[in-house]
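Following: one structure in structure tokens, then a few remarks.
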Amino acid sequence: MPPPDPVAPDLLERLVSLCKQRGFFFGSSEIYGGINALYDYGPLGARMRRNVRNLWWRAMVELRDDVEPIETSIIMNPQVWVASGHVATFTDPLVDCTGSCRKRWRADHLGDLRRERGKPEDAPGCPECGGRLTEARQFNLMFRTHLGPVADDAAQVYLRPETAQGMFVDFATVVQATRRRLPFGIAQQGKSFRNEISPSNSIFRTREFEQMEMEFFCKPGTDLDWHSYWCTERMRWWIEDCGVRAGRLRLRAHDEDELSHYSVATSDVEYLFPWGWGELEGIADRTDFDLRSHMEASGRDLSYFETETNERYVPYVVEPAAGLDRGFLTMLMDAYHEEEVRGEKRVVLRLHPDVSPWQVAVLPLSKKPQLTEVARSLEQRLRNRFRTEYDETQSIGRRYRRQDEIGTPLAITVDFDTLDDNAVTIRERDGMTQVRVPIDTLEQACEDQLVASRAAALDRARTAADQAGQSAQPQRQG
RNA sequence: GCGGGAGUAGCUCAGUGGUAGAGCAUUACCUUGCCAAGGUAAGGGUCGAGGGUUCGAACCCCUUCUCCCGCUCCA
């Protein structure tokens with residue numbers, strides 16, 4: 001395994017600061033002092049987050065002929081969570097050390113933790129210091145609430161901790177409605193909620209988050225092949241569609257003793273964060289566990305009849321489940337660069353042009369009416385094709401930097417020559433190069449530049465091991 | 001819950017008993033006219049909250065609230 005790339009240790013702090021300042025994301029409810037581990041997405045963040053979500057939708061639904069989308073309710077019949085095992089087992093049993101180290105442990109991991117420290121698995125007390133441990137307390141990670149006006153046990157419901165169960169529960173209905181034959185997938189994006197004991201690392205682990213999940217139903221025996229297929233495809237998506245550098249990504253197969261009770265094979269897509277490798281997506285072969293559980297609990301038949309072979313079976317499921325917020329954070333961190341330009345620090349987000357909040361910024365060289373009028377109407381015109389922003393405040397250099405900082409790949413500048421030659425300059429973010437193009441063909445020129453920008457993003461994602469902290473050579477022309 | 005860190009301007013922070021500050025950011029005007037430009041001016045702070053000590057508290061003492069980081073959590 002290659003050594004991990006060096007990562008600036010305070011990168012997260014600088015990025016979080018930038019994100020608040022520029023409106024990507026920030027703590028929720030801040031005027032009331034905030035609330036632990038919950039976040040709001042600001043104007044730029046909401047735009048970018050939607051772009052990421054759309055890229056997934058495009059790749060997983062629109063460009064495929066074997067996936068159907070659904071959107072299921074966040075609150076479901078509570079029996080769903082009994083059948084899925086979440087009521088019984090989606091818990092963290094915790095014990096606290098009352099000895100010298102005062103650490104908190106997972107009660108069900110104590111044996112492993114002791115063994116890692118060279119102690120017998122059944123040794124008494126704290127794995128670290130041997131101190132007395134408290135009784136295990138059970139924390140169910142599901143948020144509870146009540147349905148209807150009476151807050152009694154009968155009305156007890158849960159906020160979903162994963163979107164997946166919606167796909168399982170609706171499997172037969174989707175098959176019926178779409179006349180689908182296996183193999184095919186059901187996909188959905190949506191919020192999930194987990195009352196995490198210890199959320200951490202900004203928006204990486206939060207209690208409210210958005211999942212992008214797809215359950216791919218297939219014939220038993222073909223599941224491992226499909227698992228392999230989806231591992232490849234999902235890695236491709238992170239790198240090629242989102243521009244995340246391959247050198248910072250890895251696909252890690254779970255060890256046998258690490259597998260969930262329902263899975264025979266799971267691989268995680270992981271990114272190298274400043275705090276270590278973190279999971280962006282889990283690709284699990286869930287076998288027929290979920291459908292079978294719901295068949296038993298509901299009494300409904302969720303099996304599938306294969307007409308070609310006259311076989312009836314319960315489908316196996318391969319599930320690629322990605323975290324939108326984690327992907328969002330990953331793309332920001334992966335794109336963040338600081339470099340020296342003419343003795344000044346330049347902060348630039350080398351975001352993929354399909355991810356960046358804006359694609360094209362339209363800037364009059366100065367705030368003279370004859371320039372701003374042209375620039376404003378140009379921006380209006382380009383809106384039909386691109387995500388555009390107009391900015392006329394302050395000096396042109398400052399505005400270029402401001403756009404760099406939020407990852408806008410292209411800036412169009414209207415100058416005094418424009419009034420004579422009917423042409424404008426397009427300035428590109430990464431190389432800071434400029435070309436002059438006639439206004440008549442501006443849409444096509446922008447499109448060409450974005451194609452080039454996508455190619456550059458792809459090239460960087462595939463080949464660049466690590467550019468953090470390195471200075472790119474500034475280039476200039478025109 | 002435990003341990004650590006931190007709450008002062010939109011952001012980053014300085015200010016350890018004597019009139020609340022800096023840089024950046026924001027707004028307006030002037031100048032300039034292609035890579036974080038110069039000038040002038042303006043706006044913006046119950047110094048997290050409460051109590052105490054003191055002639056006087058951002059600063060000392062007590063209480064409290066909140067956020068951040070870690071405690072290996074599987075999106």
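All values below were derived from every heavy atom in this structure, side-chain atoms included, with hydrogens, water molecules and symmetry-related copies excluded. Every chain is numbered from 1 and lettered A, B, ... according to where its sequence line falls, protein lines coming before strand lines.
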Would you classify A/Leu280 as touching base, sugar-phosphate or nothing, given that sugar-phosphate means primed atoms plus P, OP1 and OP2, and contacts are heavy atoms under 4.0 Å? sugar-phosphate
For A/Tyr229, give me all partners under ring-ring contact (aromatic ring centres under 6.0 Å, His included), at least two apart in sequence or on another chain. A/Trp226
Grab the N/O contacts between the protein and nucleotides 66-69 of chain B below 3.5 Å, and write none if there aren't any.
from   : atom 1 : to       : atom 2 : distance (Å)
B/rU66 : O2'    : A/Gly33  : O      : 2.3
B/rC67 : OP1    : A/Asn36  : N      : 2.5
B/rC68 : OP1    : A/Ala37  : N      : 3.3
B/rC68 : OP1    : A/Tyr39  : OH     : 3.3
B/rC68 : OP2    : A/Asn36  : ND2    : 2.7
B/rC69 : OP1    : A/Asn201 : N      : 3.2
B/rC69 : OP1    : A/Ser202 : N      : 2.8

How close or far is atom P of B/rA36 from atom CG of A/Asp391, stated in whole angstroms? 15 Å
Show me the protein contacts with nucleotides 8-10 of chain B, counting only N or O atoms at under 3.5 Å.
none

Set of ring-ring contact (aromatic ring centres under 6.0 Å, His included) partners for A/His86, sequence neighbours left out: A/Trp81, A/Phe90
Below 4.0 angstrom, which residues in residues 410-422 of chain A have at least one non-hydrogen atom near RNA chain B? A/Thr413, A/Asp415
Strictly below 4.0 Å: does A/Arg194 bring a side-chain N or O up to OP1 or OP2 of B/rA75? yes
Short N/O separations, protein against nucleotides 37-40 of chain B, under 3.5 angstrom:
from   : atom 1 : to       : atom 2 : distance (Å)
B/rA37 : OP1    : A/Arg398 : NE     : 2.8
B/rA37 : OP1    : A/Arg398 : NH2    : 2.3
B/rA37 : OP2    : A/Ser395 : OG     : 3.0

Under 3.5 Å, is there an N or O donor on one side and an acceptor on the other linking the side chain of A/Arg427 and the base of B/rC35? yes
side-chain contact (heavy atoms from CB on, under 4.5 Å) partners of A/Thr441, counting only residues at least two apart: A/Pro438
How would you list, by chain and number, every residue that makes a ring-ring contact (aromatic ring centres under 6.0 Å, His included) with A/Tyr41, sequence neighbours excluded? A/Phe328
Considering every strand and a 4.0 Å limit on heavy-atom distances, what is the contact class for A/Ser28: base, sugar-phosphate, or nothing? nothing
How many whole angstroms separate atom CE of A/Met432 from atom C1' of B/rC35? 7 Å
Indicate, with a heavy-atom threshold strictly under 4.0 Å, whether A/Ser366 touches base, sugar-phosphate, or nothing. base
Specify the residue among A/Ala322 and A/Ser17 whose closest nucleotide of RNA chain B lies further upstream toward the 5′ end. A/Ser17
Length of the CZ-C1' vector between A/Phe204 and B/rC73, whole Å: 9 Å
By side chain to side chain donor-acceptor pair (under 3.5 Å), A/Arg234 pairs with (sequence neighbours left out) A/Glu281
Want to settle it: does A/Thr393 or A/Glu319 sit nearer the 5' end of RNA chain B, counting the closest nucleotide to each? A/Thr393
With sugar-phosphate meaning primed atoms plus P, OP1 and OP2, does A/Glu281 contact a base, only sugar-phosphate, or nothing at under 4.0 Å between heavy atoms? sugar-phosphate
Run the salt bridge (charged side-chain N to carboxylate O under 4.0 Å, His left out) test against A/Glu373 and tell me which residues pass, sequence neighbours left out. none
Any side-chain donor-acceptor pair under 3.5 Å between A/Asn195 and A/Arg144? no
I want to verify a distance call: between B/rC73, B/rC35, B/rC34, whose nearest atom is closest to the A/Arg401 side chain? B/rC35
State which of B/rG33, B/rC29, B/rC35 makes the closest approach to the side chain of A/Lys368. B/rG33
Name the nucleic acid region contacted by A/Ile396, choosing base, sugar-phosphate or nothing; use a 4.0 angstrom heavy-atom cut-off, strictly under. sugar-phosphate
When we call it a touch if two heavy atoms are under 4.0 Å apart, what does A/Gly27 touch: a base, just sugar-phosphate, or nothing? nothing
Which donor-acceptor pairs under 3.5 Å do the side chains of residues 408-421 of chain A make with protein atoms, sequence neighbours left out?
from     : atom 1 : to       : atom 2 : distance (Å)
A/Thr408 : OG1    : A/Gln403 : OE1    : 2.6
A/Thr413 : OG1    : A/Tyr400 : OH     : 2.7
A/Asp415 : OD1    : A/Asp417 : N      : 3.1
A/Asp415 : OD1    : A/Thr418 : N      : 3.0
A/Asp415 : OD1    : A/Thr418 : OG1    : 3.0
A/Asp415 : OD1    : A/Arg436 : NH2    : 3.1
A/Asp415 : OD2    : A/Arg436 : NH1    : 3.1
A/Thr418 : OG1    : A/Asp415 : N      : 3.0
A/Thr418 : OG1    : A/Asp415 : O      : 3.1
A/Thr418 : OG1    : A/Ala423 : O      : 2.8
A/Asp421 : OD1    : A/Ala423 : N      : 3.0
A/Asp421 : OD1    : A/Arg436 : NH2    : 3.2
A/Asp421 : OD2    : A/Arg436 : NE     : 3.0
A/Asp421 : OD2    : A/Arg436 : NH2    : 3.2

Check whether any side-chain heavy atom of A/Ile186 lies under 4.5 Å from a side-chain heavy atom of A/Phe168, and answer yes or no. no
Return the stacking result for B/rA36 and A/Tyr400: yes when the ring centres lie under 5.5 Å apart and the planes under 30°, no otherwise. no
Check: A/Gln434 side chain, B/rC34 base, donor-acceptor under 3.5 Å: yes
With sequence neighbours left out, what residues match A/Tyr271 under ring-ring contact (aromatic ring centres under 6.0 Å, His included)? A/Phe273
Main-chain N/O of A/Arg245 paired to A/Asp334 side chain as donor or acceptor, under 3.5 Å: yes
Spatial distance of atom CD (A/Glu379) from atom OG1 (A/Thr372) [nearest 0.5 Å]: 12.5 Å
